[in-house]
S.K.: 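Sharing a structure here in structure tokens format.
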Amino acid sequence: MARLIGISGSTRKASFNSALLRAAAALVPTGSTLEIASIAGIPLYDGDVESAPGVPQIVTELKDRIAASDGLVLVTPEYNNSLPGVFKNAIDWLSRPGSDVPRVFGGKPVALFGATPGIGGTRLAQAAWGPVLRALGTQPWNGASLYVGGAEKVFDASGTLVDEKVKQLLTKLMAGFVSFIDEK
Ligand code: FNR
């Protein structure tokens, strides 16, 4: 039984990655939960703001929710063959002050996947997250991969996951991630 928190790296209303995260929340094994958080409203990182008035309330609240979770699910778009700046900006704020990183991210199991209308399935974005997750001291879970390409056919117009193969892979992935956490 795990209490997960999930974040999509897109703030777009019709985001495929947010749709994939919602699907993951619906497919999480019985007894476990996946609460959806958002990066919307997180300002651009500014060291002067961090000095005074300090880490924004919206960031502090999300840090506390991540710290309280048993595992973190990141669903990433791919921008220009890498991770999206808006998503990285949010994680950068969440990593401040650096002295709080062990509490928020230290040893935190992380599942990472993503969706794109393109053919690559966010492989390059997922690869780019590797060094970031390592820098934060997380425990990336590598038990399963999910690279969702051709997203326009995988979701219907309302953002519901309609591709049976992806649904099966996502179900297995969520079950595997929860088992990994349960066995810890
Ligand atoms: C993209 N997109 C994109 N897709 C991809 O597979 N590889 C890439 O390198 C890029 N590069 C890229 C750069 C920028 C600036 C944008 C805005 C978009 C397309 C991207 O996958 C598509 O817009 C997705 O729909 C974004 O994810 P959400 O918002 O649907 O979750």
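Just follow the structure's listing: the first ligand is 1, and inside any ligand the first atom is 1.
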S.K.: Keeping the roles fixed (side chain from S51, backbone from G47), state whether a donor-acceptor pair exists under 3.5 Å.
M.R.: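 Looks like yes, one N/O pair under 3.5 Å.
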S.K.: Please round to the nearest 0.5 Å and tell me the distance separating atom CZ of R3 and atom CD1 of I181.
M.R.: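 Going from CZ on R3 over to CD1 on I181, the span is 12.0 Å.
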S.K.: Can you tell me if R103 has over 12 outside heavy atoms packed within less than 6.0 Å of its CZ?
M.R.: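 Yes, CZ of R103 has more than 12 neighbouring heavy atoms, counting only those of other groups under 6.0 Å.
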S.K.: Do the charged groups of D92 and R96 touch, with an N to O distance under 4.0 Å?
M.R.: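 No, D92 and R96 are not salt-bridged.
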S.K.: Should the ring pair W129 and F87 be called parallel, tilted or perpendicular, given that the plane angle runs from 0 to 90° and is split at 30 and 60?
M.R.: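 Ring orientation, 0 to 90° scale: perpendicular.
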S.K.: Give the residues near ligand 1 by chain and number, with the criterion being a heavy-atom distance under 4.0 Å.
M.R.: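 The 4.0 Å shell around ligand 1 contains S10, R12, S15, F16, N17, P77, E78, Y79, N80, N81, T116, P117.
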S.K.: Applying salt bridge (charged side-chain N to carboxylate O under 4.0 Å, His left out), can you list everything that pairs with R22, at least two apart in sequence or on another chain?
M.R.: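 Counting only residues at least two positions away or on another chain, R22 forms no salt bridge (charged side-chain N to carboxylate O under 4.0 Å, His left out).
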